[in-house]
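To start, the structure under review is shown below, and the notes come after it.
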Amino acid sequence: MNGDEQLLRGRVYGHDYDAPDPGPLPWQTYAALIGGPLDGLLLDITGWRSEEVDDGAALSTELGQFPGGRALYDPRPDEPRVPGPGVTCRFYYCGDTP
C-alpha cells in the first residue's frame, strides 16, 4: 500500500486527510468504495433516494487516470443494501473520465 492509499483508508470522501476526525459519523449513511483510486474511502450517501444510489457516483479525484477528472463507481444490482446508518452498500470502481 502506498502513502496515498494509506491516507484514504477509513476516511470519508471529501474530508481532508488532516481533518481532526475525517472518519465516519455514527448517524450518517455510507457506501464503501471498492477498487480504483478511491479504494477504502466511504462515500456519504445520507439522504440519497434509492434511485440515486442505483445511479452510482462520478467522484472528483487527482489520483485517477485523468488528474482532476472523475472516478466512476457503481453499486452491483445483485448486492443487498442494509437499512439504517453506517455502511449500507458498496460502490465498485468501473473507470475514469476526464
Point to revise | Spacing of CG belonging to Asp39 relative to CG belonging to Leu33, to within rounding of 0.5 Å | key: 8.0 Å
Exercise for review: Go through the structure and list residues passing side chain to side chain contact (heavy atoms under 4.5 Å, CB included) with Asp74, not counting sequence neighbours.
Suggested key: Cys94
Review point. Is any side-chain heavy atom of Leu41 less than 4.5 Å from a side-chain heavy atom of Leu59?
Key: no
Point to revise | Pairing residues for Arg49 by the salt bridge (charged side-chain N to carboxylate O under 4.0 Å, His left out) criterion, not counting sequence neighbours | key: Glu51, Glu52
Review point. What's the shortest heavy-atom distance between Ala71 and Leu38, and which atoms?
Key: CB-CD1, 4.3 Å
Study note, to complete from the structure: So ring pair (Phe, Tyr, Trp, His ring centres under 6.0 Å) across residues 44-69, not counting sequence neighbours, yields none
Using a 3.5 Å cut-off and no angle test, enumerate the donor-acceptor pairs between side-chain atoms of residues 25-32 and protein atoms at least two apart in sequence or in another chain.
unit_1	atom_1	unit_2	atom_2	d
Gln28	NE2	Asp44	OD2	2.9
Tyr30	OH	Leu25	N	2.8

Review point. Side chain to side chain contact (heavy atoms under 4.5 Å, CB included) between Leu43 and Tyr73: does it pass, once the steps are laid out?
Key: CA-CA 10 Å; Leu43 176 64; Tyr73 286 85; over 6 Å; no
What side-chain donor-acceptor pairs closer than 3.5 Å can you find for residues 83-93, not counting sequence neighbours?
unit_1	atom_1	unit_2	atom_2	d
Arg90	NE	Tyr92	OH	3.2
Arg90	NH2	Glu79	OE2	3.0
Tyr92	OH	Glu79	OE1	3.4
Tyr92	OH	Glu79	OE2	2.6
Tyr93	OH	Asp96	OD1	3.4
Tyr93	OH	Asp96	OD2	2.7

Check your understanding: Does anything in residues 55-68 pair up under side chain to side chain donor-acceptor pair (under 3.5 Å), and if so which pairs, sequence neighbours excluded?
Key -> Ser60-Arg70
